[in-house]
Asks: 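Below is the structure I would like to discuss, written out as structure tokens.
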Amino acid sequence: MNLYIGIDLGTSAVKLVLMRADGSIENIVSREYPIEFPQPGWSQQNPKDWYQQAMEGLQELLADCDRSLVKGISFGGQMHGLVILDEKDEVIRPALLWNDGRTYEECDYLNEEIGKETLSAYTGNISFTGFTAPKVLWVYHKEPDHFARIKKVMLPKDYLAYRMTGVHCTDASDASGMLLYDVKNRCWSKEMLEICHLREEQMAKVYEGYECVGTLLPQVAAELGLSEEVRVAAGAGDNAAAAVGTGTVGEGACNLSLGTSGTIFISSGQFKVDEYNALHAFAHADGRYHLMGCMLSAASCNKWWMEDILGTGDFAGEQKDITEEKLGENHVYFLPYLMGERSPHNDPKARGTFVGMTMDTSRADMTQAVLEGVAFALRDSLEVARKLGIPISRTRICGGGAKSALWKTMIANIMNLQVEVLEVEEGPGLGGAMLAAVACGEYDTVEQAAEQIVRVKEVVEPSPQLVEKYEARYQVFRQIYPALKPVYQVME
């Protein structure tokens with residue numbers, strides 16, 4: 001049976017998935033790499049670390065399999081990161097990541113001086129600090145020598161594709177998050193390129209996620225012990241790839257991802273934009289479109305709370321005291337804005353905040369507040385989608401946070417959705433492998449691959465009584481950020 005590789009280039013690690021043609025998983029490998037935080041709010045990585053760990057991980061992934069059966073490779077990758085290459089295709093500077101907040105001045109310039117309506121007309125979206133266009137402007141203003149050397153502007157996963165194939169490529173879903181791409185018409189925006197002092201020849205060629213961009217370079221194939229005929233598909237941004245991996249394709253399907261960041265992803269056959277651009281309007285890896293709300297800190301909030309504050313790695317142990325009778329009763333609230341926030345507030349100055357502690361507040365109350373705060377913040381984006389008239393009654397779920405039964409129960413009741421848990425949940429890595437299978441003709445379409453591969457094993461149902469309790473809590477939660485916003489603006 002043919003084998004396909006999905007490479008999930010995450011923020012802290014690259015995860016590699018080896019999938020059989022029927023969707024069953026042959027092997028999984030994960031390799032970590034460092035993140036640099038040179039100043040508060042800054043976040044960057046060395047792209048060469050991604051490639052080194054991906055190649056070493058591939059060797060481990062393929063160690064015990066018949067490598068002649070590998071037919072295709074594709075990707076899911078952290079979005080929005082700025083990778084710039086010089087005329088020799090060498091990396092000019094560390095990549096600015098999706099959660100880097102240094103571009104607030106450039107972001108303000110785009111939203112206020114160019115104007116949100118103009119940006120939305122050009123791209124379908126407004127500027128967020130994490131997007132690629134303000135990063136380009138930051139390099140233009142702050143590092144002009146680096147800017148002058150730019151031959152190619154790329155996204156993180158596309159750097160891996162380039163190193164493997166020699167092709168400067170990207171896909172429509174990932175390009176959508178750059179604020180340089182006309183999402184509705186699926187082409188680079190000439191106006192946005194001009195605003196950012198770029199030329200179209202500096203941009204990668206755009207493919208659909210399931211399209212083949214090339215085959216492995218001879219030296220890469222030799223190093224991995226693979227055929228030079230192995231096809232490489234363009235892949236997708238991590239959220240679109242995760243959506244493929246959870247079968248969130250077609251019209252009106254929904255997926256929640258509880259990874260480092262948190263997202264709500266709603267697939268659509270038509271291009272849609274909400275009135276205030278609170279949700280991102282992006283292309284999907286199935287050739288259609290999607291709406292997405294993205295919060296910058298989701299499972300990373302829990303990781304921060306557990307490891308950095310409580311000093312423990314026993315995540316499950318810390319949740320055991322949060323019993324069923326405590327759900328919907330917590331008086332402590334947590335705003336999960338540890339890296340600022342994107343959807344729906346678009347405020348890089350927002351900060352993580354606990355509210356409502358008293359002398360009898362317990363450690364478990366604080367832990368519960370962190371989990372609930374992430375779910376409440378995801379609901380903020382869900383409410384925007386509901387106002388667009390999109391009927392959403394169920395969602396699939398993926399990401400590291402989805403392993404917590406308690407968190408899934410909270411989400412089902414805070415968002416009043418049926419939460420579908422999948423038999424195999426490998427997020428962007430599985431989605432990438434599925435796109436590779438489509439590119440190789442194993443499946444005719446992404447929808448066909450999803451229908452045959454993705455299976456639901458469990459449904460977490462909301463409880464009417466708990467939904468009512470959490471509704472009251474949510475109405476309090478949604479008042480806290482507007483009340484604190486003026487304070488955040490004057491904080492250092």
Side-chain angles (χ1 to χ4, degrees), residues 2-10 13-21 26-33 45-78 81 83-92 95 151-152 154-171 174 204-205 207 209-236 241 428-442:
N2 290 336
L3 297 172
Y4 299 94
I5 297 171
I7 301 177
D8 172 14
L9 185 71
V14 60
K15 181 178 180 181
L16 304 111
V17 175
L18 185 61
M19 183 191 82
R20 300 186 193 97
E26 182 82 10
N27 197 12
I28 298 172
V29 168
S30 184
R31 308 276 299 204
E32 295 185 349
Y33 33 69
Q45 283 176 326
N46 184 350
K48 292 181 180 180
D49 290 341
W50 303 333
Y51 182 70
Q52 178 182 343
Q53 295 306 316
M55 290 296 284
E56 291 179 7
L58 283 168
Q59 295 283 14
E60 185 180 349
L61 185 79
L62 300 170
D64 298 321
C65 79
D66 182 350
R67 300 188 189 202
S68 69
L69 296 176
V70 176
K71 302 301 180 185
I73 299 173
S74 192
F75 313 88
Q78 50 167 302
V83 180
I84 49 177
L85 305 182
D86 64 17
E87 61 181 9
K88 296 181 180 179
D89 286 325
E90 291 292 333
V91 175
I92 293 172
K151 182 72 179 294
K152 283 294 178 184
M154 302 195 76
L155 291 162
K157 77 174 193 330
D158 304 325
Y159 176 75
L160 293 185
Y162 161 72
R163 291 290 302 269
M164 291 181 172
T165 65
V167 178
H168 298 105
C169 60
T170 189
D171 81 285
D174 215 357
K205 182 179 178 181
Y207 295 79
Y210 51 82
E211 289 183 326
C212 177
V213 304
T215 54
L216 290 179
L217 291 168
Q219 62 269 31
V220 175
E223 183 177 344
L224 295 174
L226 297 175
S227 165
E228 293 179 24
E229 301 303 312
V230 169
R231 308 186 90 192
V232 178
L430 177 60
M434 290 166 65
L435 291 171
V438 176
C440 293
E442 194 77 53

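Excluded from the calculations below are hydrogen atoms, water molecules and symmetry mates; all remaining heavy atoms, backbone and side chain alike, are included.
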Asks: What's the spacing between Lys151 NZ and Lys88 NZ if we round to 0.5 Å?
Replies: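 Separation between the atoms: 12.0 Å.
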Asks: Output the distance between atom CG (Asn46) and atom CG (Asp49), rounded to the nearest 0.5 Å.
Replies: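 The distance works out to 4.5 Å.
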Asks: Is the number of heavy atoms from other residues, nucleotides or ligands under 6.0 Å of Gln219 CD greater than 12?
Replies: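 Above 12, so yes.
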Asks: Quick test of your reading: applying salt bridge (charged side-chain N to carboxylate O under 4.0 Å, His left out), list the pairs with at least one residue in residues 50-59, sequence neighbours left out, ordered by first then second residue.
Replies: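 Checked against salt bridge (charged side-chain N to carboxylate O under 4.0 Å, His left out) - neighbours excluded - the pairs reaching residues 50-59 are Arg31-Glu56.
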Asks: Can I get a per-line list of side-chain donor-acceptor pairs under 3.5 Å for residues 68-76, giving both atom names and the distance, sequence neighbours left out?
Replies:
unit_1 : atom_1 : unit_2 : atom_2 : d
Ser68  : OG     : Asp66  : OD1    : 2.6
Ser68  : OG     : Asp66  : OD2    : 3.3
Lys71  : NZ     : Ser68  : O      : 3.4
Ser74  : OG     : Ala233 : O      : 3.1
Ser74  : OG     : Gly235 : N      : 3.1

Asks: Quick one: list whatever passes ring-ring contact (aromatic ring centres under 6.0 Å, His included) with Tyr162, sequence neighbours left out.
Replies: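 Tyr162 satisfies ring-ring contact (aromatic ring centres under 6.0 Å, His included) with His168 once adjacent residues are dropped.
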Asks: With rounding to the nearest 0.5 angstrom, report the CD1 to CD distance, Ile92 to Glu87.
Replies: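 So the gap between those two atoms works out to 9.5 Å.
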Asks: List the residues meeting salt bridge (Lys or Arg N to Asp or Glu O under 4.0 Å) with Glu90, not counting sequence neighbours, and say none if there are none.
Replies: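 Residues passing salt bridge (Lys or Arg N to Asp or Glu O under 4.0 Å) with Glu90: Lys48.
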Asks: The criterion is salt bridge (Lys or Arg N to Asp or Glu O under 4.0 Å); which residues satisfy it with Asp89, sequence neighbours excluded?
Replies: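 Partners of Asp89 under the salt bridge (Lys or Arg N to Asp or Glu O under 4.0 Å) test: none.
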Asks: Once rounded to the nearest 0.5 Å, what's the spacing between atom OH of Tyr33 and atom CD of Gln53?
Replies: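 Rounded to the nearest 0.5 Å, the OH-CD separation comes to 8.5 Å.
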Asks: Quick one: do Glu26 and Arg20 make a salt bridge, cutoff under 4.0 Å?
Replies: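 Counted as a salt bridge, because a side-chain N and a carboxylate O are separated by less than 4.0 Å.
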Asks: Suppose we screen for side-chain hydrogen bond (donor to acceptor under 3.5 Å, both in side chains). Which residues come up paired with Glu442, at least two apart in sequence or across chains?
Replies: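 Result, side-chain hydrogen bond (donor to acceptor under 3.5 Å, both in side chains) vs Glu442: Asn2, Tyr4.
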Asks: Tell me, please, which residues at least two apart from Gln45 pass side-chain hydrogen bond (donor to acceptor under 3.5 Å, both in side chains).
Replies: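 Result, side-chain hydrogen bond (donor to acceptor under 3.5 Å, both in side chains) vs Gln45: Trp50, Gln78.
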Asks: For Ala236, give me all partners under side chain to side chain contact (heavy atoms under 4.5 Å, CB included), at least two apart in sequence or on another chain.
Replies: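 For Ala236, the residues satisfying side chain to side chain contact (heavy atoms under 4.5 Å, CB included) (neighbours in sequence not counted) are Asp171, Ser173, Ala240, Ala241, Ala285, Leu435.
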Asks: Can you see which heavy atom on Arg67 is nearest to which on Leu62, and at what distance?
Replies: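 In this case the closest contact between Arg67 and Leu62 is NE-O, 3.3 Å.
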Asks: In chain order, what residues pass the side-chain hydrogen bond (donor to acceptor under 3.5 Å, both in side chains) check against Asp8, with sequence neighbours excluded?
Replies: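 Scan of Asp8 (side-chain hydrogen bond (donor to acceptor under 3.5 Å, both in side chains), adjacent residues dropped) gives none.
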Asks: How close do Leu61 and Leu16 get, counting heavy atoms only, and between which atoms?
Replies: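 That closest heavy-atom pairing would be CD1-O, 3.4 Å.
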Asks: Might you point out which heavy atoms bring Pro156 and Gly81 nearest each other, and give the distance in Å?
Replies: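 Nearest heavy atoms, Pro156 then Gly81: CD-O, 3.4 Å.
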Asks: Hey, could you give me the OG1/CG distance between Thr165 and Leu217, rounded to the nearest 0.5 Å?
Replies: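 So the gap between those two atoms works out to 6.0 Å.
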Asks: Could you pull out the closest heavy-atom pair between Pro47 and Val83, with the gap in Å?
Replies: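 Heavy atoms of Pro47 and Val83 come nearest at CG-CG1, 4.1 Å.
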Asks: Can I get a per-line list of side-chain donor-acceptor pairs under 3.5 Å for residues 220-232, giving both atom names and the distance, sequence neighbours left out?
Replies:
unit_1 : atom_1 : unit_2 : atom_2 : d
Ser227 : OG     : Glu229 : N      : 2.9
Arg231 : NH1    : Ala439 : O      : 2.7

Asks: Hey, what do you get for NZ (Lys152) to CG (Asp86), rounding to the nearest 0.5 Å?
Replies: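 Reported to 0.5 Å precision, the distance equals 13.0 Å.
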Asks: Among residues at least two apart in sequence or on other chains, which ones pass side-chain hydrogen bond (donor to acceptor under 3.5 Å, both in side chains) with Asn27?
Replies: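 With neighbours one apart ignored, the set is empty.
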Asks: Between Thr170 and Met154, is there a side-chain heavy-atom distance shorter than 4.5 Å?
Replies: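 A side-chain contact under 4.5 Å is absent here.
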Asks: Are any non-hydrogen side-chain atoms of Tyr159 and Leu85 less than 4.5 angstrom apart?
Replies: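 A side-chain contact exists here, since the closest heavy-atom pair is under 4.5 Å.
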Asks: With Ala13, which residues qualify under side chain to side chain contact (heavy atoms under 4.5 Å, CB included), at least two apart?
Replies: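 In terms of side chain to side chain contact (heavy atoms under 4.5 Å, CB included), with neighbours along the sequence ignored, Ala13 is linked to Ser30, Glu32.
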